[in-house]
Amino acid sequence: MRCLNLAATLLLLLVFSGSGSLAGERIALVIGNSDYAYTSKLANPSNDAVTMSDTLRNAGFSVTRLLDADQATMKRALLGFGRDLRGGDVDAGLFFYAGHGVQVNGENYLVPVNARILDEDEIDLEAVNVNDFLRVMNSSNADINIVILDACRNNPFVGSSRSAARGLAPVDAPKGTLIAYATAPGDVALDGRGQNSPYTKALTRAIASGRGQPIETVFKAARREVLATTGDKQTPWETSSITGDFYFHEDSDGSNQATLVPETDRADDEIAESFSLVKSINNQAAWIAFLDKYSDRPENFYVAMARSALAELDDQRTESVRHLPLPATSVKDCYNKFFGAIPSKLCASSVLGGQSGNSYRGDNLADSNMNTAWVEGVSGDGIGEVLRFSFDQPILINQIVIANGYNKSPSVYSKNNRVKSFDVRTSTGFTKRVQVVDRGGYQVLDLPSLGEVLWVSLTLTSVHRGTKYRDTAISELQLK
């Protein structure tokens, strides 16, 4: 899988500002990043870039192609691309990217091969914000602008990020815009076992064979092929507000039309088609994305049906889960706090008593302060001690993030025990032993989404021994 991996994401931006046939220049910038220095290497992005470049040249584009580009090279190419697009006779501009991509705090980033991201605060400095490309293309003189991102939808730097979310953030489609993703919101896309990702392979085949076909038809053909080749595991997704037709290849009569049609003539067909696609996916993220797109049409029949479908899906999820009773853990102290963004009651089975004015209470896990920590208070490494989180109602938990050990300083960190493994249990009956990396800073526990749960317990099963103290510590714990 591409990234952890997200996932290939496809995003197209099309702006139609005129009518008649296209006679001007078509310009493309294509980047494929595979050979990453500080995160997982990817098999296919370089191949995808080569395949897409050849396909676009055959469709009349002048292509600049970069393979395994660092940040400086990507930004210089963006600068040159933007200047080319501001030329006087440009009808279409296209940017294609394949490689790692991440979302942090609602912003999407493309990851150069030399990016070394140790903390989420560094992502804006080490990676390239997708909005930079969109701003360049929005300021162009081209009638049509296209951006294609065949990128990871999960964060390859999971151990360094507290605010990363699954997939790339939704991008609004302003008037005259088509946005298409390689897979549905909330899902991941496959990197593929062949020379190309399933989506790039399908899309380039659809472009090459779609002579005389409008762009919407090209994407439908790509979607059908991806569904077939992935066994319905990956569903490409589009959202559109375009008002004209765009053809990658000429019609049989030699024309290459971009004729405008009234937007109102297509609005109902477009929303009906989107509804049909979302209904086939039928997951929470897809329905929410649909409702967000059409939030300005609350009285529309399909929007009302989507709200009903989302509510029904939520009811089914709640009714289908039978929760186990809260485990009868012998607890020392309990605290009601926000752990990350989720309010919870934490009960700790043991707490080290205060020393020299320092407190080692369980609520230190929720104070966003690495100079404080929860420290268990029993002899013998604390094996078997428990942190139990409980909620007033079922709540969706996608990730558990911890800062292992006592992060007050490297010396303090090494002197105290750190967690080596936990047994994780939830109210739905899920159980898994997870290994914890012996390093400071935030890390995401190797768990799937826990779903909607009433409680989560973490039982200490092994430790990394400290050089001086046998008390086991954790500085922070966040539920996401």
Side-chain angles (χ1 to χ4, degrees), residues 4 103-106 119-120 154-155 157-167 186 284-285 288 314 317-318 321 323-327 329 331 333-349 351 361-370 372-376 385-405 407 418-419 421-437 440-461 472-480:
L4 295 175
Q103 177 199 160
V104 175
N105 292 321
D119 186 88
E120 71 175 35
N154 286 340
N155 183 2
F157 305 98
V158 291
S160 62
S161 180
R162 304 179 297 278
S163 303
R166 179 184 176 94
Q284 185 183 47
I288 290 173
D314 288 341
R317 291 167 63 189
T318 300
V321 176
H323 294 278
L324 299 173
L326 194 68
T329 303
V331 297
D333 287 313
C334 295
Y335 321 86
N336 290 292
K337 293 286 184 178
F338 276 83
F339 292 87
I342 297 178
S344 173
K345 180 179 182 180
L346 165 64
C347 292
S349 63
V351 177
R361 293 161 46 97
D363 54 358
N364 288 340
L365 295 174
D367 64 1
S368 300
N369 183 358
M370 291 290 196
T372 65
W374 166 74
V375 182
E376 53 79 25
E385 297 308 302
V386 178
L387 294 172
R388 189 188 68 195
F389 299 85
S390 57
F391 316 103
D392 293 335
Q393 59 185 10
I395 190 164
L396 178 63
I397 305 294
N398 283 321
Q399 291 181 334
I400 299 178
V401 182
I402 76 165
N404 198 11
N407 280 250
R418 289 85 61 191
V419 178
S421 65
F422 279 125
D423 276 350
V424 179
R425 298 177 57 212
T426 75
S427 63
T428 60
F430 172 86
T431 61
K432 182 180 179 181
R433 178 161 296 183
V434 294
Q435 302 299 312
V436 184
V437 180
Y442 288 94
Q443 60 182 287
V444 180
L445 295 185
D446 182 19
L447 292 165
S449 172
L450 299 178
E452 293 185 344
V453 297
L454 279 173
W455 55 263
V456 179
S457 70
L458 291 82
T459 303
L460 186 61
T461 52
T472 303
I474 306 173
S475 295
E476 292 291 317
L477 192 148
Q478 299 176 356
L479 304 173
K480 294 180 179 293

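Because only heavy atoms are used, hydrogens play no part in the values below, and waters and symmetry mates are left out as well, while side chains stay in.
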### Task
Output all residues satisfying side chain to side chain contact (heavy atoms under 4.5 Å, CB included) with Asp446, sequence neighbours left out; order by chain, then residue number.
Lys432

### Query
Is any side-chain heavy atom of Val434 closer than 4.5 Å to a side-chain heavy atom of Leu458?
no

## Note on the structure
Minimal heavy-atom distance between Leu365 and Phe339, with the atoms involved, is CB-CE2, 4.0 Å

### Query
Does the side chain of Phe430 come within less than 4.5 Å of Leu447's, by heavy atoms?
yes

### Task
Looking only at non-hydrogen atoms, find the nearest pair between Ala473 and Ala373 and report the distance.
CB-CB, 4.4 Å

#### Entry: Stepwise side chain to side chain contact (heavy atoms under 4.5 Å, CB included) check, Leu387 with Ile474
CA-CA 11 Å; Leu387 294 172; Ile474 306 173; 4.1 Å; yes

### Task
Could you check if a side-chain atom of Val375 sits within less than 4.5 angstrom of a side-chain atom of Thr472, using non-hydrogen atoms only?
no

### Query
With Ser457, which residues qualify under side chain to side chain donor-acceptor pair (under 3.5 Å), at least two apart?
none

### Task
Not counting sequence neighbours, which residues clear side chain to side chain donor-acceptor pair (under 3.5 Å) with Arg418? List them please.
Asp438

For a quick test of your reading: what N or O donor-acceptor pairs under 3.5 Å do the side chains of residues 388-395 make, sequence neighbours left out?
from, atom 1, to, atom 2, distance (Å)
Arg388, NH1, Pro327, O, 2.8

### Query
Considering all heavy atoms of both residues, which atom of Leu396 and which atom of Ile342 are nearest to each other, and what is their separation?
O-CD1, 4.0 Å

### Task
Please check if the side chain of Trp455 supplies one atom and the backbone of Arg425 the other of a donor-acceptor pair under 3.5 Å.
no

### Under the side chain to side chain donor-acceptor pair (under 3.5 Å) test, residues paired with Ser368 that sit two or more places apart
none

### Query
How would you list, by chain and number, every residue that makes a side chain to side chain contact (heavy atoms under 4.5 Å, CB included) with Val437, sequence neighbours excluded?
Arg439, Gln443

### Summary
Contacts of Ser344 meeting side chain to side chain donor-acceptor pair (under 3.5 Å) (sequence neighbours excluded), chain-then-number -> none

### Query
Quick check: does any side chain N or O of Asn407 sit under 3.5 Å from a backbone N or O of Gly441, one acting as donor and the other as acceptor?
yes

### Query
Between Ser427 and His323, is there a donor-acceptor pair closer than 3.5 Å when you use the side chain of the first and the backbone of the second?
no

### Query
So, for Ser449 and Asn398, which heavy atoms are closest and what is the spacing to 0.1 Å?
OG-OD1, 2.7 Å

### Message
Could you measure the distance from the CZ atom of Phe422 to the CG atom of Leu460? Nearest 0.5 Å is fine.
### Response
6.0 Å

### Query
What pairs with Arg361 under side chain to side chain contact (heavy atoms under 4.5 Å, CB included), at least two apart in sequence or on another chain?
Tyr335, Ser359, Asp363

#### Entry: Residues forming a salt bridge (charged side-chain N to carboxylate O under 4.0 Å, His left out) with Asp423, sequence neighbours excluded
Arg433

### Message
Treating Glu476 as the side-chain partner and Asn369 as the backbone partner, does any N or O pair qualify as donor plus acceptor under 3.5 Å?
### Response
yes

### Task
Show your reasoning for whether side chain to side chain contact (heavy atoms under 4.5 Å, CB included) applies to Trp374 and Leu477.
CA-CA 10 Å; Trp374 166 74; Leu477 192 148; over 6 Å; no

### Task
Give, for atom CG of Leu450 and atom OG1 of Thr426, the distance between the pair rounded to the nearest 0.5 Å.
6.0 Å

